[in-house]
Amino acid sequence: MPLIEITQSRYVSATIRLDSETATLIDQYASFVHGSADDVVDKALNYVFARDREFQEYLKSPLAAKAVPSLRVRRAGAADVHESVGSGKRARGGVETRRQPREQVSLIPEESRSVLRTG
């Protein structure tokens, strides 16, 4: 019997919009826990899902199976390949924040340009 158990996770990449203050808090919390923004969002959402008793009951209902997907999921591609832990770099997973460079001129307010990608 092995001493440790390794579980494989299947990650997807998806784009969602966040309030700029929320994106900042995610970055700050990731720094606080010495983790990635991906991990913060993934763990926080799983924590909420597990603790919400009404949601757990909803998941058992037929309505949950009929939920219309609204998350914009990208198909996995070469850019979504995770770095190995052995390479000396931390493996990515969950969510990463991307912001447009400030030198780009845009009609979209900066608050609206924060993008969160699950990966």
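Below, all heavy atoms of this structure are taken into account, side chains as well, without hydrogens, waters or symmetry copies.
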Handout entry: Pair listing, ring pair (Phe, Tyr, Trp, His ring centres under 6.0 Å) test, anchored in residues 56-75, at least two apart
Key =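 As it turns out, there is no ring pair (Phe, Tyr, Trp, His ring centres under 6.0 Å) pair with a partner in residues 56-75 once direct neighbours are skipped.
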
Problem - Heavy-atom closest pair, residues Ala30 and Ala37 - result: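 Closest heavy-atom pair between Ala30 and Ala37: CB-N, 3.7 Å.
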
Are [Y] and [X] co-members of a hydrophobic cluster defined by side-chain heavy atoms under 4.5 Å apart?
| X | Y | answer |
| --- | --- | --- |
| Val40 | Tyr47 | no |
| Val41 | Phe32 | yes |
| Ile16 | Val12 | yes |

Measure the spacing between [atom1] of [X] and [atom2] of [Y] and express it to the nearest 0.5 Å.
| X | Y | atom1 | atom2 | value |
| --- | --- | --- | --- | --- |
| Arg74 | Thr15 | CZ | OG1 | 6.0 Å |
| Arg72 | Arg17 | CZ | CZ | 7.5 Å |
| Tyr11 | Asp42 | OH | CG | 6.0 Å |

Exercise for the section: Mark yes or no for whether Thr24, through its side chain, and Ser20, through its backbone, hold a donor-acceptor pair below 3.5 Å. Expected result: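 Side chain of Thr24 to backbone of Ser20: a pair is present.
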
Exercise for the section: State whether the side chain of Gln56 and the backbone N or O of Arg51 hold a donor-acceptor pair below 3.5 Å, judged by distance alone. Expected result: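 Between the backbone of Arg51 and the side chain of Gln56 there is no qualifying donor-acceptor contact (under 3.5 Å).
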
Problem - Donor on one side chain, acceptor on other, Ser36 and Asp39, under 3.5 Å - result: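 Yes, a side-chain donor-acceptor pair sits under 3.5 Å.
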
Handout entry: Non-neighbouring partners of Thr22 that pass side-chain contact (heavy atoms from CB on, under 4.5 Å), sequence neighbours left out
Key =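 Checked Thr22 against side-chain contact (heavy atoms from CB on, under 4.5 Å); matches are Leu18, Asp19, Ile26.
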
Handout entry: Sequence-distant partners of Lys60, salt bridge (Lys or Arg N to Asp or Glu O under 4.0 Å), two or more places apart
Key =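 Checked Lys60 against salt bridge (Lys or Arg N to Asp or Glu O under 4.0 Å); matches are Glu57.
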
